[in-house]
Amino acid sequence: MRENMLRDSVDTDPVRLGYRRARALTAEHGRTYFAASCLLPPPQRRGVWALYGFARIVDDVVDLPSAVPAPHGRAAQIDRIEEALHVVLHTPDTPDAGLDHRSADVEQGDADLGSILAAVRDTVVRFDIPTHTFDAFLRSMRMDVPGTTEFRDRYRTWAELAEYTYGSAAVIGLQMIPLLGVRAADDDVAEGAATLGEAFQLTNFLRDVAEDLDRDRIYLPTDELAAFGVDEDHLRRCRAEHVTSPHLRRALANMIAVNRDQYRRAWPSITVLPNRSRRSIAAAAAMYHDILREIERADHDVMDRRVVVSGRRRAVLAAQAVSGRRPW
């Protein structure tokens, strides 16, 4: 770590620095993405890190108040990030949006953002990633922030939730298509990529029910929960007592079936990817899909623990993906 900090302090290239910082963020916070990215060739691997690093910075603004500089509220900080992103993408002479990591009057958070934006721009230009996908992503992030016109913290139906997950997850899949060596994706490949992104997101929602409730968010469709006798008061009682009731267990089991169907529908698009890309995405899908297995092994107890897939299990799943074995 000390060696990396010293190297960053003398590096004058914002793109190289951005990729290194994005790599560190991905390794620390996105272990599944990082493990799967290591199966890609280096240029694509770095692109995955850049996209993840950018998403992580925005996600931290939304979820971690300490990540937002004191003079700025969360909504205003997202506005600043969006403005800096547009400068980077549309002004070639400012690869880090003027947030020079060497400048003494730039806050550390801005310095990290500036260098990662430089890596994002390099990735977008190198792989011709559609820039409108970033606008959709930021719109969904605003949906998590109270006080914005987009704000929502409850979703009644799958259709309502899809308005959020299009920007938070589906467009991530669409951004990945050119990174994976698919230059002219047909509609089926694009639909599969978007579906896989949304599958990852729903898996996160199922795993993180308690954590999201602590933030006063309920992503799981309330109509679906109500069909099993679960309302918001029921969820809060379960959380307060650290108990997952039989009603909630049945609701989660039903949503896991919906989630598994998403993975099933995305699989054909994975099979047509170039060889190394196919192995990488199959590994990521297998590791995420295995979170559902861990929820079931815990008897759907999501109110008292956050299930994880062990590092050893992830290694096994990655090896199976490399061998060409279908993960489910």
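Side-chain atoms are counted along with the backbone in the values below, which use heavy atoms only and exclude waters and symmetry mates.
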TODO: Enter the distance from Ser37:OG to Trp49:CH2 here, rounded to the nearest 0.5 Å.
DONE: 5.5 Å

Open item on the list: Atom CZ of residue position Arg250 - does it have more than 12 heavy atoms of other residues, nucleotides or ligands inside 6.0 Å?
Closed with: yes

Task: Passing option when Leu206 is tested against Ile291, Val302, Leu220 for side-chain contact (heavy atoms from CB on, under 4.5 Å) - done: Leu220

Open item on the list: Nearest 0.5 angstrom please: Asp301 CG to Arg249 CZ, how far?
Closed with: 5.5 Å

Task: Sub-4.5 Å side-chain heavy-atom contact between Ile57 and Leu25 - done: yes

- [ ] Measure across Ala75 and Thr148 and return the closest heavy-atom pair with its distance rounded to 0.1 Å.
- [x] CB-CG2, 3.7 Å

- [ ] Provide the closest heavy-atom pair for Ala27 versus Arg31 in the form atom of the first, atom of the second, distance.
- [x] O-CG, 3.8 Å

Task: CG-CE distance between Asp59 and Met141, expressed to the nearest 0.5 angstrom - done: 6.0 Å

Open item on the list: Quick check: do Ser277 and Gln44 have side-chain heavy atoms less than 4.5 Å from each other?
Closed with: no

TODO: Answer with yes or no whether the side chains of Thr165 and Glu198 bring together a donor and an acceptor at under 3.5 Å.
DONE: yes

Task: Joint hydrophobic cluster, Phe34 plus Met176, side-chain heavy atoms closer than 4.5 Å - done: no

- [ ] Using distance alone, with no hydrogens and no angle criterion, decide if Asn259 and Thr203 have a side-chain donor and acceptor under 3.5 Å apart.
- [x] yes

Open item on the list: If only side-chain N and O atoms count, and only distance matters, is there a donor-acceptor pair under 3.5 Å linking Thr123 with Tyr19?
Closed with: yes

Task: CG-SG distance between Asp233 and Cys238, expressed to the nearest 0.5 angstrom - done: 11.0 Å

Task: Any side-chain heavy-atom pair of Ile129 and Val120 under 4.5 Å - done: no

Open item on the list: With a 4.5 Å cut-off on side-chain heavy atoms, are Tyr52 and His29 touching?
Closed with: yes

Open item on the list: Distance alone, cut at 3.5 Å: any donor-acceptor contact between the side chains of Asp208 and Tyr219?
Closed with: no

Open item on the list: Can you tell me how far apart CZ (Arg139) and CG (Asp135) are? Round to the nearest 0.5 Å.
Closed with: 11.5 Å

Task: Sub-4.5 Å side-chain heavy-atom contact between His300 and Ile256 - done: yes

TODO: Using a cut-off of 6.0 Å, state whether more than 12 heavy atoms not belonging to Arg297 lie near its atom CZ.
DONE: no

Open item on the list: Strictly below 4.0 Å, N to O, side chains only: are Asp60 and Arg74 in salt-bridge contact?
Closed with: no

- [ ] Just do the side chain to side chain contact (heavy atoms under 4.5 Å, CB included) check on Arg312 and Leu317 with the steps written out, would you?
- [x] CA-CA 9 Å; Arg312 183 174 183 178; Leu317 293 168; over 6 Å; no

- [ ] Quick one: which residue pairs count as a ring pair (Phe, Tyr, Trp, His ring centres under 6.0 Å) with a foot in residues 236-259, not counting sequence neighbours?
- [x] His234-His247

Open item on the list: Whether Asp153 and Arg217 form a salt bridge (side-chain N of Lys/Arg under 4.0 Å from carboxylate O of Asp/Glu) is what I want to check.
Closed with: no

Task: Donor-acceptor under 3.5 Å (Tyr155 side chain, Tyr164 main chain) - done: no

- [ ] Return yes if some donor-acceptor pair links the side-chain N/O of Thr91 with the main-chain N/O of Val88 below 3.5 Å, else return no.
- [x] no

Open item on the list: For Thr195 and Gln262: C-alpha separation, side-chain torsions, deciding distance, then whether side chain to side chain donor-acceptor pair (under 3.5 Å) applies.
Closed with: CA-CA 6 Å; Thr195 299; Gln262 290 176 312; over 6 Å; no

TODO: Run the salt-bridge test on Arg265 and Asp261 with the 4.0 Å N-O cut-off and return the result as yes or no.
DONE: yes

Task: Minimum-distance pair of heavy atoms, taken over all atoms of Ala119 and Gly18 - done: CB-C, 3.8 Å

TODO: Say whether, by atom type as modelled, one donor and one acceptor occur between the side chain of Arg279 and the main chain of Leu39 under 3.5 angstrom.
DONE: no

TODO: Taking Asp13 for its side chain and Val15 for its backbone only, find out whether a donor-acceptor pair lies under 3.5 Å.
DONE: yes

Open item on the list: Closer than 3.5 angstrom, by distance alone: can the side chain of Ser280 be matched with the main-chain N or O of Ala36 as a donor-acceptor pair?
Closed with: yes

- [ ] Verify, without hydrogens or angle tests, whether Arg152 (side chain) and Met143 (backbone) share a donor-acceptor contact under 3.5 angstrom.
- [x] no

Task: Minimum heavy-atom distance between Gly192 and Ala266, given as atom pair plus value - done: O-CB, 3.7 Å

Open item on the list: I want to check something: taking the side chain as every heavy atom from C-beta on, are Val182 and Pro274 in contact at a cut-off of under 4.5 Å?
Closed with: yes

Task: Hphob cluster co-occupancy, Tyr33 + Leu174, side-chain heavy atoms under 4.5 angstrom - done: yes

Open item on the list: With a 6.0 Å cut-off (strictly less than), is the heavy-atom count around CZ of Arg325, excluding the residue itself, greater than 12?
Closed with: no

- [ ] Kindly say whether Thr222 contributes a backbone atom to a donor-acceptor pair with the side chain of Arg156 at under 3.5 angstrom?
- [x] no

Task: Under-4.0 Å salt bridge between Arg236 and Glu232 - done: yes

TODO: Report the residues that fulfil ring-ring contact (aromatic ring centres under 6.0 Å, His included) with Trp328, sequence neighbours left out, ordered by chain and then residue number.
DONE: Tyr263, Trp267, His289

Open item on the list: For Glu294, is there an ion pair with Arg313 - N to carboxylate O distance below 4.0 angstrom?
Closed with: no

- [ ] Of all the heavy-atom pairs spanning Ser140 and Gly167, show the shortest one and how long it is.
- [x] OG-CA, 3.2 Å

Open item on the list: Is it true that Gln201 and Ser168 share a donor-acceptor pair across their side chains at a distance under 3.5 Å?
Closed with: yes

Task: Ionic contact status for Glu211 with Arg305, cut-off 4.0 Å - done: no

Open item on the list: For Asp79, is there an ion pair with Arg142 - N to carboxylate O distance below 4.0 angstrom?
Closed with: yes

Open item on the list: Membership question, hydrophobic clusters at under 4.5 Å side-chain separation (ILVMFWY): are Phe205 and Val258 in the same one?
Closed with: yes

Open item on the list: Just so I know, are the side chains of Leu235 and Leu225 near enough to count as touching, which here means a heavy-atom distance under 4.5 Å?
Closed with: yes

Open item on the list: Could you report the tightest heavy-atom contact between Ala210 and Met303, atom names first, then the distance?
Closed with: CB-SD, 3.8 Å

Open item on the list: Would you compute the distance between atom CG of Leu179 and atom CD1 of Ile281 and round it to the nearest 0.5 angstrom?
Closed with: 9.0 Å

Task: Hydrophobic cluster membership, Met287 vs Val322, 4.5 Å side-chain cutoff - done: no

TODO: Write out all pairs satisfying ring pair (Phe, Tyr, Trp, His ring centres under 6.0 Å) with one or both partners inside residues 121-149, taking only residues at least two apart or from two chains.
DONE: Phe54-Phe134

- [ ] Check the surroundings of atom CD in Glu191: do more than 12 heavy atoms from other residues, nucleotides or ligands lie under 6.0 Å from it?
- [x] no

Open item on the list: Between Trp158 and Leu196, is there shared hydrophobic-cluster membership here, with clusters defined by ILVMFWY side-chain heavy atoms closer than 4.5 Å?
Closed with: yes

Open item on the list: Could you check whether Asp290 pairs with Arg293 (Lys NZ or Arg NE/NH1/NH2 to Asp/Glu carboxylate O, under 4.0 Å)?
Closed with: yes

Open item on the list: Measuring only between side-chain heavy atoms, which start at C-beta, is Ile116 closer than 4.5 Å to Leu17?
Closed with: no

Open item on the list: Could you walk me through whether Asp223 and Thr157 satisfy the side chain to side chain donor-acceptor pair (under 3.5 Å) test, starting with their C-alpha distance in whole Å, then the side-chain angles of each, then the deciding distance to 0.1 Å, before giving a yes or no?
Closed with: CA-CA 6 Å; Asp223 280 2; Thr157 64; 6.0 Å; no

TODO: Answer yes or no: are there more than 12 heavy-atom neighbours, outside Asn275 itself, under 6.0 Å from its atom CG?
DONE: yes

Open item on the list: Assess, by modelled atom type and distance only, whether the side chains of Arg80 and Gln77 contain a donor and an acceptor separated by less than 3.5 Å.
Closed with: yes

